[in-house]
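Bear in mind the structure is a predicted one, so any value in this text is a computation, not a measurement. Ligands are counted one by one from 1 in listed order, and the atoms in each one are counted from 1 as well.
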Amino acid sequence: MIIQWYPGHMAKAKRLLQESLKLIDVVIEIVDARAPIATRNPDFDTLFQNKDRVIILNKADLADKNENKRWIEYYKANGIKAIECIATHTSKRKNEIALIEEAAKEKVERFKAKGIAKTVRAMIVGIPNVGKSTFINSIAGLNRAQVGDKPGVTKGKQWVKISPYLELMDTPGLLWPKLEDEKLARHVAFIGSVRDDILDVEELAGLLLSCLMTHCKDELCVRYKKIEDGMTESELLCAVAKSRGFILQGGIYDTERAARIVLDEFRGGKIAKITLDKVSDMNKNSEE
Ligand code: G4P
C-alpha cells in the first residue's frame, strides 16, 4: 500500500509554517504517543533550528503507559524537554505551561538582564490529527479574549496569554509526516493522520489487524472472537465481519464495514492501549 501526502498540500503547509516561525521563540511539537517516531518528521530539525523546543506526547491515554514513560526518558536523555498529555482531559495544563516556560527561560532571562521584559511567543505544531486544536483549546480556555490582534506586528494572528511572559499562537502550524518508510507510513495511517478517503480502507484494516496480531494478539482475539493464529490479512478481516455478524445477502462478509469498525475501534483505544513505535525501534534505527 502506497501512502501519499499531496505535494500541493505540503507546499502550502510549509509556506504558512515558515511565515509563522518568524514570530516564534518556542516551538511546541505535538506527537501521538502511539506513534512517536512516525508522527515526527526528522526534516523539521532544520526548520526549527534556533528555536527552543518542547515535545508533547499526546493521546497518552491510548498508548502503553510504560512505553510513554520510556519515551519521556528517551527525550530527556537526548536533551529534549517532553511531557505526556491527554489533551481531551480537563486540566489547567500547569505542567505543560511550566515546561514551556522552562524552555523559554534562558531567553527571558537574557532580555531581563538588558532591562527588557520580553514576551516569549510559542506555537503548537504537528501533523494532522495529533490533537493540536484540542490542546490549544484546552490550554487557552478562557484566556483567549485576553490578547487580541496585534496589527502591524502579527498581521491578524491571535495570541493567548498563558503566563506573564508567555503567549501562544491561537492557530496551530500544520506539519506533514515523512512517508518514505513504509512501516512508519502505515502507523501514520492506522492512527488516522492520513485521510481515509485517499486509502483503501479494507487493505489498511487488514494491515492493522496483522500488526495488532504481533502487538496484542490476546486482546484482539477477545474483541473479535473468530480471529485465529496464522490468518492472512483478508482472513482476519473476514473473521472480524463474522464475529460481528456483518454478512450481506448471499452470505458474503461485509468486509468494508468490518474494516471501518476495526479502524474506529483501534483509534478510539477500544482494542488495547498500544504503542506502535517503541523506543527500542529508535535505538535499532540509530544502530543501523
Ligand atoms: P489536530 O488539530 O491535530 O488535527 O487534532 P484535533 O485536536 O482535531 O484532534 C483530533 C482527534 O483526536 C479529536 O477526535 C480529538 O478529540 C482527539 N484527541 C485529541 N487529544 C486527545 C487525547 O489526548 N486523547 C484522546 N483519546 N483523544 C484525543 P475526533 O473524534 O476527531 O473529534 P471529536 O469528535 O473528539 O471532536
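- Checking only distances, Val130 does come within under 3.5 Å of ligand 1, N or O to N or O.
- There is no protein heavy atom closer than 4.0 angstrom to atom 35 (O) of ligand 1.
- Taking atom 5 (O) of ligand 1 as the reference point, the nearest protein heavy-atom neighbour is Gly131 N, 3.1 Å.
- Heavy-atom contacts of Leu62 reach the following atoms of ligand 1: 26 (N) (cutoff under 4.0 Å).
- Atom 16 (O) of ligand 1 has Thr88 CG2, 3.6 Å as its closest protein atom, hydrogens excluded (heavy atom only).
- By the definition of a contact as any protein heavy atom under 4.0 Å away, atom 23 (O) of ligand 1 is in contact.
- Listed by number with element, the atoms of ligand 1 under 4.0 Å from a non-hydrogen atom of Ala87 are 20 (N), 22 (C), 23 (O).
- In this structure, atom 13 (C) of ligand 1 is not in close contact with the protein, since no protein heavy atom lies within 4.0 Å of it.
- Contact check on Lys217 versus Asp229 returns a salt bridge, with a Lys/Arg side-chain nitrogen under 4.0 Å from an Asp/Glu carboxylate oxygen.
- The option with the heavy atom closest to atom 6 (P) of ligand 1, from among Asp32, Asp61, Thr134, is Thr134.
- The nearest protein heavy atom to atom 18 (N) of ligand 1 is closer than 4.0 Å.
- Polar contact with ligand 1: absent for Ala60 (N/O pair, distance under 3.5 Å).
- Between the side chains of Tyr74 and Glu67, no donor-acceptor pair is found at a separation under 3.5 Å.
- At least one side-chain heavy atom of Tyr75 sits less than 4.5 Å from a side-chain heavy atom of Pro36.
- Closest of all the heavy-atom pairs between Ala122 and Ile100 is CB-CG2, 4.3 Å.
- Under the 4.0 Å criterion applied to side-chain N and carboxylate O atoms, Glu106 and Arg110 are assigned as salt-bridge partners.
- Within a 4.0 Å radius of atom 3 (O) of ligand 1, the protein contributes at least one heavy atom.
- Ion pair Asp25/Lys107 flagged as a salt bridge, since at least one NZ, NE, NH1 or NH2 atom sits closer than 4.0 Å to an Asp/Glu carboxylate oxygen.
- Of all protein heavy atoms, the one lying nearest to atom 31 (O) of ligand 1 is Asn129 OD1, 4.3 Å.
- Of the charged side-chain nitrogens involved, none lies within less than 4.0 Å of a carboxylate oxygen, so that Lys270 and Glu219 do not count as a salt-bridged pair.
- Inspection of the Thr255 and Glu202 side chains reveals an N or O donor paired with an N or O acceptor under 3.5 Å.
- Checking Ile86, Leu175, Asn58 against atom 20 (N) of ligand 1, the nearest heavy atom belongs to Asn58.
- None of Val26, Ile24, Leu21 except one satisfies the side chain to side chain contact (heavy atoms under 4.5 Å, CB included) rule with Phe48; the exception is Leu21.
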